[in-house]
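All residue numbers refer to positions in the sequence shown, counting from 1. Side chains included, hydrogens not; waters and symmetry mates left out as well; all remaining heavy atoms used.
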Amino acid sequence: MIEVSYSSAFKKSFKKLIKGNNKLETLFFEKLETFINNPYDTRLKTHQLSGKLEGIWSFSLNYKLRITFTFVKPNKAIFEYIGPHDIIY
C-alpha cells in the first residue's frame, strides 16, 4: 500500500476542478483507492514523464484530466497537480 499526501498546488487545483462535481469526485476517490493499492494498475495508465518533467509520474483520472505525482519513498507519493493533459505537459 502507498501512503499519499497532497501538495498545496494539488489541493488548489482539486478544489477548482473536482470539488463539487459529484461525478468527478467519485471517480477521483475510486482512482485514489486503486492507486493506494497498486500505483501501477493498468487502469490508471501510470507512466513516468521525461524531458523537463523527468522524475515526475502521471496517471489518468479520465480522458482529459491527469494527476502528476512523485515518489518520495517506495511506499509514499505526493500528488503534485491535477489538470488537463495539455496544461500539465
Worksheet entry | Aromatic plane relationship, Phe79 with Phe69 - under 30° parallel, 30 to 60° tilted, over 60° perpendicular | tilted

Worksheet entry | Shared hydrophobic cluster for Tyr81 and Val72 (ILVMFWY, side-chain gaps under 4.5 Å) | no

Fill in: Close side-chain approach of Leu65 and Leu24, heavy atoms under 4.5 Å
yes

Item to complete: Please answer: with hydrophobic residues joined when any side-chain heavy atoms are less than 4.5 Å apart, are Leu53 and Ile78 in the same cluster?
Response: no

Discussion item. Donor-acceptor check, side chain of Thr34 to backbone of Glu30, threshold 3.5 angstrom: yes or no?
Written reply: yes

Item to complete: Please lay out, stage by stage, how Glu80 and Thr70 fare under the test side-chain contact (heavy atoms from CB on, under 4.5 Å).
Response: CA-CA 7 Å; Glu80 301 287 347; Thr70 54; 3.1 Å; yes

Worksheet item: Are any of the side-chain heavy atoms of Asp41 and Phe35 separated by less than 4.5 Å?
Response: no

Discussion item. Could you check whether any side-chain heavy atom of Lys23 comes within less than 4.5 Å of a side-chain heavy atom of Leu27, counting everything from C-beta outward?
Written reply: no

Worksheet item: Quick one: are Asn75 and Glu3 in side-chain contact, heavy atoms under 4.5 Å?
Response: no

Worksheet item: Do the side chains of Ile67 and Leu44 join up, straight or via other hydrophobic residues, at under 4.5 Å, putting them in one cluster?
Response: yes

Practice prompt. Check whether any side-chain heavy atom of Phe10 lies under 4.5 Å from a side-chain heavy atom of Thr68, and answer yes or no.
Written response: no

Discussion item. Count I, L, V, M, F, W, Y as connected when their side-chain heavy atoms are under 4.5 Å apart, and connections chain through other members. Are Ile18 and Val4 then in the same cluster?
Written reply: yes

Worksheet item: To the nearest 0.5 Å, how far apart are CD1 in Ile82 and NZ in Lys31?
Response: 11.0 Å

Fill in: Separation between CZ of Arg43 and OG of Ser60, rounded to the nearest 0.5 Å
13.5 Å

Discussion item. Just so I know, are the side chains of Glu54 and Leu49 near enough to count as touching, which here means a heavy-atom distance under 4.5 Å?
Written reply: no

Worksheet item: Taking C-beta and beyond as the side chain, do Pro39 and Trp57 meet within less than 4.5 Å on heavy atoms?
Response: no

Discussion item. Can you confirm whether Arg66 sits close enough to Ser58 that some side-chain heavy atom of one is under 4.5 Å from a side-chain heavy atom of the other?
Written reply: yes

Worksheet item: How long is the span from the OH atom in Tyr40 to the OG1 atom in Thr42, to the nearest 0.5 Å?
Response: 14.0 Å

Item to complete: Would you check, one step at a time, whether the test ring pair (Phe, Tyr, Trp, His ring centres under 6.0 Å) holds for Phe14 with Tyr6?
Response: CA-CA 10 Å; Phe14 181 90; Tyr6 310 95; 7.7 Å; no

